[in-house]
Number of protein chains: 2
Amino acid sequence: MRARFTLAEIQWHALDIVDRDGLPALTMRSLAAALRTGPMTLYNYVDGREALEELVVDAVSACVHVPEPTGDWAADTRAVATALWRAVRAHPAAVPLVLTRRTSSPASLAPAEALASALAGGGLGEDDLLVAFRTVMSFVMGIAQAELAGPLTRETTRESAARRMSTLAEGSLPTLAGLAHLGAALADQEFERGLDMVLAGIRQVAVRPHDRG
Amino acid sequence: MRARFTLAEIQWHALDIVDRDGLPALTMRSLAAALRTGPMTLYNYVDGREALEELVVDAVSACVHVPEPTGDWAADTRAVATALWRAVRAHPAAVPLVLTRRTSSPASLAPAEALASALAGGGLGEDDLLVAFRTVMSFVMGIAQAELAGPLTRETTRESAARRMSTLAEGSLPTLAGLAHLGAALADQEFERGLDMVLAGIRQVAVRPHDRG
DNA sequence: ACCTGAACACCGTTCAAGT
DNA sequence: ACCTGAACACCGTTCAAGT
């Protein structure tokens, strides 16, 4: 019985395992089993565990549907950021890898270039362009992080939600407690409205550049 | 030979291992060894590996030096965000855990409350306050993420830096390539200037609220 | 009750043997 | 050259025995 794989096949199966069975289920051995081979065969395609995880991040990046530029830099920036966020959100179990592992594959650099290019239409100076790029990218990734591990996140279990609420309400955290009940209600708007805030800030710098330093 | 530990002792030793030897070096067994016990003793204090990692995140949170409020909401917000960023940055090897594991300990909620409280001084509506809270928190965590795994990050090895640069310059990523050389130069200012952008956006919403929706 | 060693079921990877 | 099983050195955790 011979077996030969393409890297894309391996990549897809790996992401599939993560999506279906969770991150801990992704193992050299489980992936090999899914591919109906022995674990060692994988080492002919991938450098090891670390490299495999980068391949999964790359797969998520490949899911980003980079939008066509329209000429409106703010709209384009919003569109790329949203596309990034959607792709990450579509694979929640892979988020820890996306936040943690580095990829420099074309698939992952393409959205970054699209974002930088969109922002470049705003007439920012070189420095401000870099700062704006990092700010937007950080916002997107940070939102993903907040959804994964932040406070004020909607819980999976009802009990843990109640426990957290009571912890917050327990006296010394008045502002957080006041905000906690809004979490579920605003959830879907948070990304968009947060992005609006970030864009408003960038636009301000674009209008009157070099106002600090 | 008897041995009895406080949770704080365990926590501190765990963070110490991560800081000194890196994240992979933190192991039930290595931590037990550092404490001069067998691995099983740890289970009397901690629920397991997952709980131990949350304890490390908690330790990093405890390093946040939450500033005293001054009454200037923007300055206070900046101060809390900066304090958060400094604490995270002081323990780079623990960043993957900070981005990934959830803690609801008082130590980790205190900075969150301080941030929410500072923003609450800006006269934002309840919705906008939550959005602003998430935006600033996301920015801080996202910046930490960018420093860990983003593109345009300064490299540890000189060869990998060169390799990335050449990848970027290889034709199809003009905007990123143009930005890449600024990475090292701006590094220290990026957080502060990005935070300025975010604050400018929040201030705008504070001035004329409910302008969308 | 608290502590902890031995043992189990994993894991990634080396190494050397197959084709 | 490509492939892959056996074996090794780990890991987290169960289980049952000690005090």
Side-chain angles (χ1 to χ4, degrees), chain A residues 1-59 93-94 96-103 149, chain B residues 1-59 93-94 96-103 149:
Chain A
M1 169 176 290
R2 70 181 45 148
R4 200 87 200 244
F5 310 101
T6 148
L7 203 66
E9 256 177 319
I10 292 178
Q11 201 175 19
W12 194 87
H13 272 93
L15 180 57
D16 188 56
I17 291 175
V18 173
D19 283 340
R20 201 193 313 277
D21 305 324
L23 190 50
L26 178 63
T27 281
M28 287 289 158
R29 288 168 135 101
S30 73
L31 178 57
L35 258 39
R36 304 168 151 272
T37 345
M40 281 314 104
T41 305
L42 293 176
Y43 286 81
N44 290 306
Y45 302 89
V46 178
D47 236 13
R49 178 104 232 263
E50 199 83 355
L52 175 63
E53 293 181 340
E54 288 177 18
L55 222 56
V56 173
V57 177
D58 187 54
L97 294 185
V98 173
L99 290 173
T100 272
R101 309 305 176 194
R102 153 168 304 170
T103 324
Chain B
M1 170 177 290
R2 69 183 43 150
R4 200 87 199 246
F5 310 102
T6 150
L7 203 66
E9 256 177 319
I10 293 178
Q11 202 175 18
W12 194 87
H13 272 92
L15 181 57
D16 188 55
I17 291 176
V18 173
D19 283 341
R20 200 193 313 278
D21 303 326
L23 190 49
L26 178 64
T27 282
M28 287 289 157
R29 289 169 134 100
S30 74
L31 178 57
L35 257 39
R36 304 171 150 270
T37 346
M40 283 313 105
T41 305
L42 293 176
Y43 286 80
N44 291 305
Y45 302 89
V46 178
D47 236 13
R49 177 102 231 261
E50 200 84 354
L52 175 62
E53 293 181 341
E54 287 177 19
L55 223 57
V56 172
V57 177
D58 187 53
L97 294 184
V98 173
L99 291 173
T100 271
R101 309 304 175 195
R102 152 168 306 168
T103 324

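To find a chain, count down the sequence lines: A is the first, B the second, and so on, and within it residues start at 1.
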What residues form a side chain to side chain contact (heavy atoms under 4.5 Å, CB included) with [X], not counting sequence neighbours?
X	value
B/D16	B/W12, B/R20
A/L23	A/V18, A/P96, A/L97
A/A33	none
B/T103	B/V57, B/D58, B/S105, B/S108

Revision key, fill the gap. So salt bridge (Lys or Arg N to Asp or Glu O under 4.0 Å) across residues 22-34 of chain B, not counting sequence neighbours, yields none
Does [X] reach the side chain of [Y], with side-chain heavy atoms less than 4.5 Å apart?
X	Y	result
A/L55	A/V46	yes
A/L31	A/L42	yes
B/L26	B/R49	yes
B/Y45	B/R4	yes

Check your understanding: Who passes salt bridge (charged side-chain N to carboxylate O under 4.0 Å, His left out) against B/E9, sequence neighbours left out?
Key -> none
Review point. To the nearest angstrom, how far is A/F5 atom CZ from D/dC2 atom P?
Key: 16 Å
Practice item. Would you mind reading off the distance between B/L35 atom CG and C/dC3 atom P, rounded to a whole angstrom? Key: 12 Å
Review point. Starting at the 5' end of DNA chain D, what dot-bracket string do you get if Watson-Crick and G-U pairs under 3.5 Å are bracketed, crossing pairs use [ ], other-strand pairs use | and unpaired bases use dots?
Key: ||.|||||...|||||.||
I'd like a table of atom pairs between the protein and nucleotides 17-19 of chain D - only N or O on both sides, under 3.5 Å - with the distance next to each one.
none

Review point. Taking OP1 and OP2 of D/dC3, is either one under 4.0 Å from a side-chain nitrogen or oxygen of A/Y45?
Key: yes
Check your understanding: Base, backbone or nothing for each nucleotide of nucleotides 6-14 of chain C, written B, S, -, heavy atoms under 4.0 angstrom, 5' to 3'?
Key -> BB---BBBB
